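Report on the following structure.
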Amino acid sequence: MLKRVVITGIGGLCGLGTDAQAIWAEMRAGRSAIGPIDNPFLHDLKVKTGCEIKALPDHGIERKQLVSMDRFSLLAVLAAKEAMRQSGLVPHADNTYRMGTIVGVGVCGFETVEENYRAILIEGKNRAGIFTVPRVMPGAAAGQVSMHLGLRGPVFGVTSACSSANHAIASAVDQIRLGRADVMVAGGTDAPLVWGVLKGWEALRVLSPDTCRPFSADRQGLVLGEGAGMAVLESYDHAMARGATILAEIAGAGLSADASDIVAPTVEGPEAAMRFCLADAGLNPEDIDYLNAHGTGTKANDQIETLAIKRVFGDHARALSVSSTKSMHAHCLGASGGLEMIACVMAIREGVVPPTANYREADPDCDLDVTPNVARERKVRAAISNGFAFGGTNAVLAFKAI
């Protein structure tokens, strides 16, 4: 029998707020943090809309440590430290090798890349910064979290574009189920609001010029944001033995690939991931009360996701509460699944479904209950979080009350 895995701490920061409770409060209120990006280096961009963290919280990390960290790693560390504080866990000699971390990231250290390009190509410096390589590498966030928290168990990074956080959490669940760890800190992080990344996304012609309106007929595309969302996962037995407060159970995960196109999604891949997730969790479609959609606000994603949900949930799709919180925190790439995990856990705990903000016009091809604009009180026994990505990599998580 597989070990049960539970969540005992959550942490996060994004444009909505710099801790999990602040993020959830804004989600409940349906307030979007999307707006103009305040960055002097974003020259020659057609779209300068995003969702940025205006000011980081006081964190007490010394400068000699900060110089070795790109922004995406710093965000992961801050979110992980918050989650650990809530869990009440303290690593020590007897347990540190039974505790690990897996952090998902979509685009890694582009802040550092651009700093070096400016220094060498514009300012005429003759060498890159000494910490360039350890700051840029995709696994840096996981390494920094392990060092700041003292975790010596399984530690590695995961990168699968927009489904990275869900893949990281699913991988962390596996470490506990396989007996390699008792505790894993898992989630995702990204800081993509830099010129080169935004210029690349601009070329794809999928960025919205104003805001993100998932499932609304007048939607114009996605909006990028930055942030991190992390959770402390434990085996159920470990959490109970220490008298921990359990926030929710991670009931299952479903993974699939489209094996079709590098950017265009299929219906079959997301459908398979949701079916696999329900099977892994031992849940029926009618057991799910809330689905946090991938919901990017692009024409193709929203229509295809709607169809996939209908295929999986059948008649229950009409009774299912669906929403895309990307309408409020934007698409934070590798961090999105971590932030959406917070939404699912808090929906279960408080019996509130966060809304799809900015919704204006019904789309006949997106005809589910997408919880438009206003949160809804509803008992949420179980929730699903969808993560789909370029490359056709899909990762879906199921959470349930305990």
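Keep in mind the model is a prediction, meaning the values are calculated, not measured. FYI, the numbering just counts along the sequence from 1.
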Is the backbone of [Y] close enough, under 3.5 Å, to the side chain of [X] for a donor and an acceptor to pair up by distance?
| X | Y | result |
| --- | --- | --- |
| T371 | P355 | no |
| D190 | P192 | no |
| T356 | P372 | no |
| D363 | A217 | no |
| S73 | M69 | no |
| E111 | A191 | no |
| D70 | V136 | no |
| T101 | S146 | no |
| E52 | L193 | no |
| Q86 | I10 | yes |

If only side-chain N and O atoms count, and only distance matters, is there a donor-acceptor pair under 3.5 Å linking [Y] with [X]?
| X | Y | value |
| --- | --- | --- |
| H167 | S160 | yes |
| D258 | N394 | yes |
| N116 | T132 | yes |
| Y290 | S323 | yes |
| T211 | N358 | yes |
| S216 | D218 | yes |

* Report, as yes or no, whether the 6.0 Å neighbourhood of atom CG on L121 holds more than 12 heavy atoms from other residues, nucleotides or ligands. =>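 Count over threshold, so yes.
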* Does a sphere of radius 6.0 Å around CZ in F276 hold more than 12 heavy atoms from other residues, nucleotides or ligands, not counting ones at 6.0 Å or beyond? ->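 Atom CZ in F276 is not crowded, with 12 or fewer foreign heavy atoms closer than 6.0 Å.
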Look at [X] together with [Y] and state whether they make a salt bridge at an N to O cut-off of under 4.0 Å.
| X | Y | result |
| --- | --- | --- |
| E271 | R311 | yes |
| E361 | R213 | no |
| E305 | K310 | no |
| E202 | K199 | yes |
| R118 | E123 | no |
| R376 | D369 | yes |
| D289 | K379 | no |

* Asked: Is the distance between the ring centroids of H59 and H148 under 6.0 Å?
  ->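 No, ring centres 6.0 Å or more apart.
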* **Stepwise ring pair (Phe, Tyr, Trp, His ring centres under 6.0 Å) test for F110 and W201** => CA-CA 14 Å; F110 267 82; W201 278 92; over 10 Å; no
* Which residues satisfy the salt bridge (Lys or Arg N to Asp or Glu O under 4.0 Å) test with K48, sequence neighbours excluded? ->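 Once residues adjacent in sequence are excluded, K48 has no partner under the salt bridge (Lys or Arg N to Asp or Glu O under 4.0 Å) criterion.
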* To do: Could you pull out all residues at least two apart from E234 that satisfy salt bridge (Lys or Arg N to Asp or Glu O under 4.0 Å)?
  =>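 E234 satisfies salt bridge (Lys or Arg N to Asp or Glu O under 4.0 Å) with R242 only.
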Test item: [X] and [Y] side chains (from C-beta on) under 4.5 Å apart, heavy atoms:
| X | Y | value |
| --- | --- | --- |
| N301 | L222 | no |
| E340 | K326 | yes |
| D210 | Q220 | yes |

